[in-house]
Amino acid sequence: MIGKNTPLWGKKTRLKSSYDAVIIGGGLHGLATAYYLAKEHGMTDVAVIEKRYIGFGGAGRNTAIVRANQRTQQNVPLYKEALDLWPVLTKELNFNLMFNNCGNLNLMHSEAAMNAARMNVATAQFHGVESHLLDAKQIKEMVPALNISEDITYPIHGAMYHPPGGIVRHDAVVWGLAKGAAKLGVEIHQQTEATAINTEGGKITGIETSRGKIHTPRVLVSAGGYSAGIIYHMLGIKLPISVLTIQAMVTQPLKPILDHVVSSGAYHAYANQTLKGEIATGAHMDPWPNYTTLTTAYYIKHQAQALSEFLPCLRGVKFMRIWGGLADMTPDMAPIMDGNDPIDGFYMDCGWGYFGFKSCSAVGKHMAAYMAGGNCPDILKPFNLRRYENHRLMGETAALVNYTPDN
Amino acid sequence: MSLTLTCPICGKRNGYEFRYGGEDKGPRPAEEGLSPRSWCEYVHMNKCVAGVQKEWWFHRDGCGTWFTTHRNTLTNLEVEEPEATS
Ligand SMILES: Cc1cc2nc3c(=O)[nH]c(=O)nc-3n(C[C@H](O)[C@H](O)[C@H](O)COP(=O)(O)OP(=O)(O)OC[C@H]3O[C@@H](n4cnc5c(N)ncnc54)[C@H](O)[C@@H]3O)c2cc1C
Ligand SMILES: [Zn+2]
């Protein structure tokens, strides 16, 4: 029986006073890294420390979209590897991750946007990621529910179509990874909050938690939206991150009408139909940092307006639930993965914004290699923190995301 | 959660009228002797405090004033200026 005393992933263990590695945050990235540390590097004396319960953060709140049609040559291969891993992990973990590779349709509403998409498509194809452009007529044939008429705020010109992307069941990923990691010996400690990180002579020596002190030479902070605050509070290291609330909602269940993920930058809205029939849809972020995860009527109205324009058959359909989570945004919309700088044994994996679900499998694999061997894998090198002071921002966004008084 | 902010000219207004302008980082560093590192620190780096922070706002859909306020990022409520802690 899975109950209060028997977690789904196995037996409850006692918190020890020392581990080879400690991971702060029982989200997607923490659990994936723990799993690969044990599986590929034989490091099984690992503890995942989770303040609430696994999946409490973005892991259990995201809209589960996966894709690999990012913008830059550093990012595309990482996301491609992650996308290719879903079927592999489903087998390996022996857990149904419900990968539905229904394809992503990214709507374009101007000729300028189509031109930008041309560059994205070229990058994707260069890296072996299937992606191509469709015109409005082809879109209509693919998704008859879409409104391609001229009389909406942002008429649809075309779309970037990415067939291998889609949806993966996010909770299943959390549970599958937890189960897989625990089976190999990793310990997962819920209701345990990291409160300090200890260092001595430029090296990690351990952490303090709400349940006592732990000695360890290696700490990974993968606490999602909480990472930047924790890293500044515990180590005095500032990060180029702004933590914003992002909201999502689902409608009442409907008969099948939408068999692709449809997104629109101009409308700041994306939607897909879940296997239960609900339309799951997400919006843009409230543009001020906060840790509340509370929701606003503003976005319910915003989503209703946007969806009733480009998917008019949804007019009058009711929203059933709305929720919010944290998105830790960086100026170049690319994450920060780094280690041993400026503290030996200190690793971080954060700044994922709203891309941390689709990336978690491949990142866990590479962060595990980084932590086990101490050397940064080539694929992670461009994501170091120093890129900001070296003016080597990544260009995952054409215009910088910046929240300072200077612009 | 709707956010309400107090513009020094217009008074309490809906948060969506404003544009966030970043954590207060003190005066812009002087050009002379400026290193890439300290410029980066000023332009990009944040404390991401879970609690009260001093921050900049711009009354974009209002009078156009820039001002600073103190807000608790855990509750999203403006607070009276806290006593100096450092
Ligand atoms: C509404 C919404 C929609 C999204 N949609 C998508 C999407 O479609 N596709 C996509 O790729 N991404 C999406 N994301 C982003 C994605 O969910 C995150 O990037 C991802 O969850 C980050 O994973 P993580 O493992 O780093 O952190 P999280 O999953 O947030 O886990 C961090 C964990 O750390 C714990 N923690 C915090 N502080 C401490 C402490 N002091 N001690 C111990 N533990 C602590 C938290 O309780 C939490 O469980 C979305 C996010 C939201 C909120
Ligand atoms: Zn004003």
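Here is the naming used below: chain letters follow the sequence lines, and residue numbers restart at 1 for every chain.
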A.B. asks: What part of A:Ile241 gets closer than 4.5 Å to chain B, counting heavy atoms only: side chain, backbone, both or neither?
C.D. replies: both

A.B. asks: Enumerate by number any residue of residues 380-391 of chain A whose heavy atoms lie under 4.5 Å from heavy atoms of chain B; in the absence of such residues, state 'none'.
C.D. replies: A:Leu385, A:Arg386, A:Tyr388, A:Glu389, A:His391

A.B. asks: Got a sec: does the CZ of B:Arg37 have more than 12 other heavy atoms crowding it under 6.0 Å?
C.D. replies: no

A.B. asks: Go through the side-chain N and O atoms of A:Tyr232 and B:Asn46 and say whether any donor and acceptor fall under 3.5 Å apart.
C.D. replies: no

A.B. asks: What option among B:Cys48, B:Cys40, B:Ser38 has the most heavy-atom pairs under 4.5 Å with chain A?
C.D. replies: B:Cys48

A.B. asks: Does any backbone or side-chain atom of B:Glu41 lie under 4.5 Å from a heavy atom of chain A? Answer side chain, backbone, both or neither.
C.D. replies: side chain

A.B. asks: Tell me whether A:Tyr154 at atom OH has more than 12 heavy atoms from other residues, nucleotides or ligands lying less than 6.0 Å away.
C.D. replies: no

A.B. asks: Check the pair A:Asp286, B:Tyr16 against side-chain hydrogen bond (donor to acceptor under 3.5 Å, both in side chains), reporting the backbone distance first and the verdict last.
C.D. replies: CA-CA 9 Å; A:Asp286 271 330; B:Tyr16 288 110; 2.6 Å; yes

A.B. asks: Tell me whether the count of non-hydrogen atoms from other residues, nucleotides or ligands lying under 6.0 Å of CZ in B:Arg60 goes above 12.
C.D. replies: yes

A.B. asks: Is the ring pair A:Trp288/B:Trp57 parallel, tilted or perpendicular, if the boundaries are 30 and 60 degrees?
C.D. replies: tilted

A.B. asks: Check the side chains of A:Ser242 and B:Tyr20 for a donor-acceptor pair under 3.5 angstrom, ignoring hydrogens and angles.
C.D. replies: no

A.B. asks: Side chains of A:Thr330 and B:His44: closer than 4.5 Å at any heavy-atom pair?
C.D. replies: no

A.B. asks: How long is the span from the CG atom in A:Asn290 to the CG atom in B:Leu77, to the nearest 0.5 Å?
C.D. replies: 10.5 Å

A.B. asks: If you measure from OG1 on A:Thr292 to CG on B:Leu74, what distance do you get to the nearest 0.5 Å?
C.D. replies: 9.0 Å

A.B. asks: More than 12 heavy atoms of other residues, nucleotides or ligands under 6.0 Å from NE2 of A:His302: yes or no?
C.D. replies: yes

